[in-house]
Amino acid sequence: MSKPPEKAGRSHETTALIAGIAAFAIWGLIPGYWKLFKTVPAPEILAHRFVWTSLFLIGTLTWQQRWPDVKAILASRRTTIFCVASGVAIASNWFFFIFAVLINRVLETSLGYFMTPLVNVLFGAVFLRERLTRLQILSVTLAIVGVLYLTIGYGHLPWIALALCTSFGLYGLLRKKSGTSAIPGLFLETVSLLPVAIAYLVLIHAEGRILSADSPWYLFVLLISTGVVTAVPLFWFGYAARYLRLTTVGFLQYLAPTGSFFLGVFVYHEPFTRGHLITFSLIWIALAIFTTEAVLRWRSRRVREIATCAIEASALD
């Protein structure tokens, strides 16, 4: 006996919420995973990540019988170009993140991903001609002030944070322009750079700089697992985005940098100075303003939609 539509909808929402929390929790705690690769250079990890993610996605696309979706994307030259460009953007993001974790800059990755929603707003205004509200302008300004304070007051430009939020912001922009779905899009992004990854692995193998048979066995297992670690949270995120409200997903996205923040400060004991506190506080205030404004706009839109439906229903009566 099938469930009533209302109960089925609630069931989907509950499962989607669990999937969303799991995805962002993994992304927040993933620095602990990359720490296990401390003896492997970041470029080599990145190359393996492209190889094993591509193989994992080939199996997933075959299992889900979604190769026609890939073929449809390739039929459009414009979409294919955007996929290649977004592949370069996400490759840069992955590299900076892995590199930051390996050199003990987890806290700065947290700062970068806290800044990402504000960068997305800024990119929307610059590249998509989206008009910023006054509160959005205030949020972006506070974020800029926070970065400038850390740079000028302490002589340290948080370049990793800026690289992460910029590369991920560009990735989101390019994915939006391509209009591809998650799994086929990610496959084309990774496979477009797969030849480069393989060429790099062949090169370092020829130079004797690649992992040898004498390396610990678990490193080879970890490298193979990068494909699963990359793709599975994305699957969960895609399911969550499908069944949850956008505002809920917006709140969940702060779980990832929050997890990285606690790892950096309380687990890895990275320096957290007064300058970091002021910078993070300004970013958090900016995000509070940004999120509140987004929720108010969403509620206002919902009220208008309900009012419109009520007016149309009364007109039909």
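Worth saying up front: this structure is predicted, and the values here are computed from it rather than measured. We're numbering straight along the sequence, starting at 1.
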Inset, instruction - Would you sort out whether Y254 and T291 count as a side-chain contact (heavy atoms from CB on, under 4.5 Å), showing the intermediate values? - result: CA-CA 11 Å; Y254 298 130; T291 305; 3.0 Å; yes

Legend entry - F168 and Y113 aromatic ring geometry - parallel, tilted or perpendicular at 30°/60° bounds: perpendicular

Inset, instruction - Fit a plane to each ring of F95 and F99, take the angle between them on a 0 to 90° scale, and name the class: parallel (under 30°), tilted (30 to 60°) or perpendicular (over 60°). - result: parallel

Legend entry - Reference residue F82; test side-chain contact (heavy atoms from CB on, under 4.5 Å); the match among L173, T180, I73, L174: L174

Inset, instruction - Run through W34, Y268, F96 and flag the one making a side-chain contact (heavy atoms from CB on, under 4.5 Å) with V101. - result: W34

Inset, instruction - Please name all residues satisfying side chain to side chain donor-acceptor pair (under 3.5 Å) with K35, sequence neighbours left out, ordered by chain then number. - result: N104

Inset, instruction - Using the test salt bridge (charged side-chain N to carboxylate O under 4.0 Å, His left out), find all partners of E293 that sit at least two apart in sequence or belong to another chain. - result: R297

Inset, instruction - Taking salt bridge (charged side-chain N to carboxylate O under 4.0 Å, His left out) as the test, write out the residues that go with R175, two or more places apart. - result: E189

Quick check, are the ring centers of [X] and [Y] under 6.0 angstrom apart?
X    : Y    : value
W67  : F187 : yes
F237 : F24  : yes
F261 : F280 : yes

Measuring from atom [atom1] of [X] to atom [atom2] of [Y], what distance do you get when rounded to the nearest 0.5 angstrom?
X    : Y    : atom1 : atom2 : answer
L188 : L194 : CG    : CG    : 12.0 Å
S54  : L186 : OG    : CG    : 8.0 Å
T14  : L244 : OG1   : CG    : 9.5 Å
R78  : C83  : CZ    : SG    : 10.5 Å
I58  : T190 : CD1   : OG1   : 8.0 Å
T53  : L193 : OG1   : CG    : 11.5 Å

Sub-4.5 Å side-chain heavy-atom contact between [X] and [Y]:
X    : Y    : result
T226 : L222 : no
T151 : P158 : yes
E270 : L263 : no
Y200 : L46  : no
W27  : P257 : no
L102 : I45  : yes
I278 : R274 : yes
I283 : L142 : no

Legend entry - Derivation and outcome, side-chain contact (heavy atoms from CB on, under 4.5 Å), residues V40 and H48: CA-CA 11 Å; V40 185; H48 275 282; 5.9 Å; no

Inset, instruction - Determine whether more than 12 heavy atoms belonging to other residues, nucleotides or ligands lie under 6.0 Å from atom CD of E207. - result: yes

I need the minimum non-hydrogen distance between [X] and [Y], along with the two atoms involved.
X    : Y    : result
Y149 : G275 : CE2-CA, 3.8 Å
D69  : P184 : CB-CG, 3.9 Å
Y243 : E13  : O-CG, 3.8 Å
A197 : F50  : CB-CB, 3.9 Å
I198 : V51  : CG1-CG2, 4.2 Å
L118 : V140 : O-CG2, 3.9 Å

[X] (side chain) donor-acceptor with [Y] (main chain) under 3.5 angstrom:
X    : Y    : answer
T292 : I289 : no
E44  : P41  : no
T116 : G112 : yes

With clusters defined by side-chain heavy atoms of hydrophobic residues (ILVMFWY) lying less than 4.5 Å apart, directly or transitively, does [Y] cluster with [X]?
X    : Y    : answer
L170 : V84  : no
I103 : L107 : yes
L296 : L138 : no
V70  : W63  : no
I81  : V196 : no

Inset, instruction - Carefully, step by step, assess F123 and T166 under the rule side-chain contact (heavy atoms from CB on, under 4.5 Å). - result: CA-CA 9 Å; F123 280 2; T166 302; 4.1 Å; yes

Inset, instruction - Go through T273 and H276 one step at a time and tell me if the side-chain hydrogen bond (donor to acceptor under 3.5 Å, both in side chains) criterion holds. - result: CA-CA 5 Å; T273 63; H276 288 95; 2.7 Å; yes

Legend entry - Steps toward side-chain contact (heavy atoms from CB on, under 4.5 Å) verdict (L128, K177): CA-CA 10 Å; L128 303 178; K177 297 290 283 185; 4.0 Å; yes

